[in-house]
Amino acid sequence: MGRRLLLPHTRRLMLFLRPMRYSASATATATAGSLRDPLHVCVVGSGPAGFYTAEKMLKGREGVRVDIIDRLPTPFGLVRSGVAPDHPETKIVVNQFSRVAANPRCSFFGNVTLGSDLSLSELRKTYDVVVLAYGAESDRSFGIPGEDLRGIHSAREFVWWYNGHPDMCNLAPDLTNTDSAVVLGQGNVALDVARILLRCTTELASTDIADYALDALRSSTIRKVYLVGRRGPVQAACTAKELREILGNYKMCLKNVNVYIKEADLATSPADKEEMRNSRIKRRVYELLSKAATVHQENNDNDRKELHFVFFRKPTKFLPSEDGSTVGAMELEKTLLKDDGATGKQVAVGTGEFEELKCGIVLKSIGYKSLPIEGLSFDKYRGVVPNLRGRVLSSESETATVEPGLYVVGWLKRGPTGIVATNLHCAEETVDSILEDDRKGLFTDPSGPKREGGRRAEEQA
């Protein structure tokens, strides 16, 4: 028989039912060996953080059963919808996650949305442990005039569009009404979208990019992409690996693209030099940008597409085109760096000098944002769930208490930072907290509703 959950919403919306491979002898052995009832865990979200959590739980607790639920019909989260199609090596991790999903003590249920199909309260009553790993599915905004003009999208929307995410398959960005695109931000996602806009479509055709996106890129008239950052090259938020794919001299780098960097922007202050002394990544990124500025200046070719790194500029206004409803230019304010006095970091402050940059499409890559759900404490400023090593806290105050049986992992725990592998260490910390609480007997309550719910679920398996 197929395995069934208690919740009617879940039974109605589950993607598939997979036969369980339990045996009476195996169950008896597990019970005798641990003298504990099987722990029933629900992981909300099937991205890297969710699957790493499931993997660590299955290895760390004998007899544990893990159900992974997701609002999408397919698993793997940002590995599927956030990793660029020309990065197949990053997506290899799905093989590891598939092995986790194939574990007889693990099940995946798709098309289940927390907050509408079922509530957090329902989950907590049904499972011993609930781990929230649903990540960040919204975007930060600038809050400046003109941000609602057509042609302005978040980088997340654009990435989901070319990766075939069902939420964005109808985005249809207009790539044919302009020769210039502006990407606001200089992190790895910003480099991804710039690279996709400029890369030869013949190369993209061999990737798993969505067919409709490939067709749109084939018709694209965009020849210039401007990567705009508030601070300087030392503070660029990208990694050296991502930067080499655009600036480097190897098979995966962009071909037939001229890179433009103003020489004046490469000047460094004592504070910049101190930052580079303290960070190998910052030093390497700066070296790559400096070298690229020299190489591309010597090998300028007017027939090539153009990638412009624009430093020390912050957007102050989106300007409409002649039709009044579509973006036609950006107003940028020149900035300079000053010590913020509190953390010692250099922050960008406006100089009162402004300039315009013409464009027909803008992609905002200024950060993802997690969303709160009913019954969950949430730090709106940081965009995270208050937690102590993964244990969800009742509030942000100093007197907050731990919410029993409720945990958090991934971007919802620490904010939208890091790479796929960062979630491994994040999951390890959360699972360590769960196992520590398990050893203390915090989930052992034979008369409680969660233990009864676990038994009833077993009976229906």
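Every heavy atom of this structure was used, including side-chain atoms; hydrogens, water molecules and symmetry mates were not.
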Quick one: list whatever passes side chain to side chain contact (heavy atoms under 4.5 Å, CB included) with Thr268, sequence neighbours left out.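 In terms of side chain to side chain contact (heavy atoms under 4.5 Å, CB included), with neighbours along the sequence ignored, Thr268 is linked to Val234, Asp272, Lys273, Met276, Tyr286.
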
Using the test side chain to side chain contact (heavy atoms under 4.5 Å, CB included), find all partners of Thr202 that sit at least two apart in sequence or belong to another chain.
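Thr202 satisfies side chain to side chain contact (heavy atoms under 4.5 Å, CB included) with Cys200 once adjacent residues are dropped.
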
Any side-chain to backbone donor/acceptor pair from [X] onto [Y]? Under 3.5 Å, distance only.
X      : Y      : answer
Asp167 : His165 : no
Ser279 : Lys282 : yes
Thr201 : Arg218 : no
Glu157 : Ser154 : yes
Ser119 : Leu114 : no
Asp323 : Ser325 : yes
Asp86  : Leu204 : no
Ser138 : Leu371 : no
Asn188 : Thr239 : yes
His308 : Val310 : no

Do [X] and [Y] have side chains that approach each other closer than 4.5 Å (heavy atoms only, starting at C-beta)?
X      : Y      : answer
Gln186 : Cys238 : no
Asp192 : Ile196 : no
Val94  : Arg80  : no
Phe51  : Val93  : no
Val402 : Leu393 : yes
Pro315 : Ile144 : yes
Pro48  : Phe97  : yes
Glu374 : Leu120 : no

Quick check for you: to the nearest 0.5 Å, what is the distance between [X] atom [atom1] and [Y] atom [atom2]?
X      : Y      : atom1 : atom2 : value
Leu227 : Arg195 : CG    : CZ    : 11.0 Å
Ile261 : Phe311 : CD1   : CZ    : 5.5 Å
Glu403 : Leu388 : CD    : CG    : 13.0 Å
Ile222 : Cys359 : CD1   : SG    : 10.0 Å
Ser269 : Glu274 : OG    : CD    : 10.5 Å
Asn163 : Ile209 : CG    : CD1   : 7.5 Å

Within 6.0 Å of [atom1] in [X], more than 12 heavy atoms from elsewhere:
X      : atom1 : value
Ile281 : CD1   : no
Arg230 : CZ    : no
Lys358 : NZ    : no
Lys91  : NZ    : yes
Asp211 : CG    : no
Asn170 : CG    : no

task = Give the C-alpha distance, both sets of side-chain angles, the deciding distance and a yes or no for side-chain contact (heavy atoms from CB on, under 4.5 Å) between Arg304 and Val257.
result = CA-CA 5 Å; Arg304 295 185 173 192; Val257 174; 5.7 Å; no

Shortest non-hydrogen contact from [X] to [Y]?
X      : Y      : result
Pro233 : Phe312 : CD-CE1, 4.2 Å
Tyr368 : Ala136 : CD2-O, 3.5 Å
Ser219 : Thr176 : O-CG2, 3.4 Å
Ala181 : Leu197 : CB-CD1, 4.1 Å
Ala194 : Val225 : CB-CG1, 3.9 Å
Ser370 : Phe378 : O-CZ, 3.4 Å

Do [X] and [Y] get their side chains close enough for a donor-acceptor pair, meaning under 3.5 Å?
X      : Y      : value
Thr399 : Ser397 : yes
Ser394 : Ser377 : no
Asp139 : Ser141 : no

Exercise for the section: Determine, stepwise, if the pair Leu435 / Met57 fulfils side-chain contact (heavy atoms from CB on, under 4.5 Å). Expected result: CA-CA 8 Å; Leu435 296 178; Met57 281 302 310; 4.2 Å; yes

For Tyr162 and Phe158, take the angle between the two ring planes, folded into 0 to 90°, and tell me which bin it lands in: parallel under 30, tilted 30 to 60, perpendicular over 60.
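Ring orientation of Tyr162 relative to Phe158: perpendicular.
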
- Under the side-chain contact (heavy atoms from CB on, under 4.5 Å) criterion, do Tyr52 and His425 qualify, and how do the steps go? CA-CA 9 Å; Tyr52 281 133; His425 304 293; over 6 Å; no

Sequence neighbours excluded and cut-off under 3.5 Å, please list the side-chain donor-acceptor pairs for residues 405-422, or say none.
from: Tyr407; atom 1: OH; to: Asp437; atom 2: OD2; distance (Å): 2.5
from: Trp411; atom 1: NE1; to: Thr417; atom 2: O; distance (Å): 3.3
from: Lys413; atom 1: NZ; to: Cys426; atom 2: O; distance (Å): 3.1
from: Lys413; atom 1: NZ; to: Glu429; atom 2: OE1; distance (Å): 2.7
from: Lys413; atom 1: NZ; to: Thr430; atom 2: OG1; distance (Å): 3.1
from: Arg414; atom 1: NE; to: Thr417; atom 2: O; distance (Å): 3.4
from: Arg414; atom 1: NH1; to: Asn423; atom 2: OD1; distance (Å): 3.2
from: Arg414; atom 1: NH2; to: Thr417; atom 2: O; distance (Å): 2.9
from: Arg414; atom 1: NH2; to: Asn423; atom 2: OD1; distance (Å): 3.3
from: Thr422; atom 1: OG1; to: Ile419; atom 2: N; distance (Å): 2.9
from: Thr422; atom 1: OG1; to: Ile419; atom 2: O; distance (Å): 3.2

#### Entry: Qualifying residue, where the test is side chain to side chain contact (heavy atoms under 4.5 Å, CB included) with Met330 and the options are Leu184, Ile152, Leu319
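Testing each of Leu184, Ile152, Leu319 against Met330, the sole residue satisfying side chain to side chain contact (heavy atoms under 4.5 Å, CB included) is Leu184.
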
| request: Take Val193 and Ser365 through the test side-chain contact (heavy atoms from CB on, under 4.5 Å) and record every step on the way to the result. | output: CA-CA 9 Å; Val193 298; Ser365 184; 5.6 Å; no

- Flag the pair Lys291 and Glu287 as a salt bridge only when some basic side-chain nitrogen lies within less than 4.0 angstrom of an acidic carboxylate oxygen.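 Not counted as a salt bridge, because no side-chain N and carboxylate O are separated by less than 4.0 Å.
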
### Query
With a 4.0 Å cut-off, would you call Glu436 and Arg391 a salt bridge?
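Counted as a salt bridge, because a side-chain N and a carboxylate O are separated by less than 4.0 Å.
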
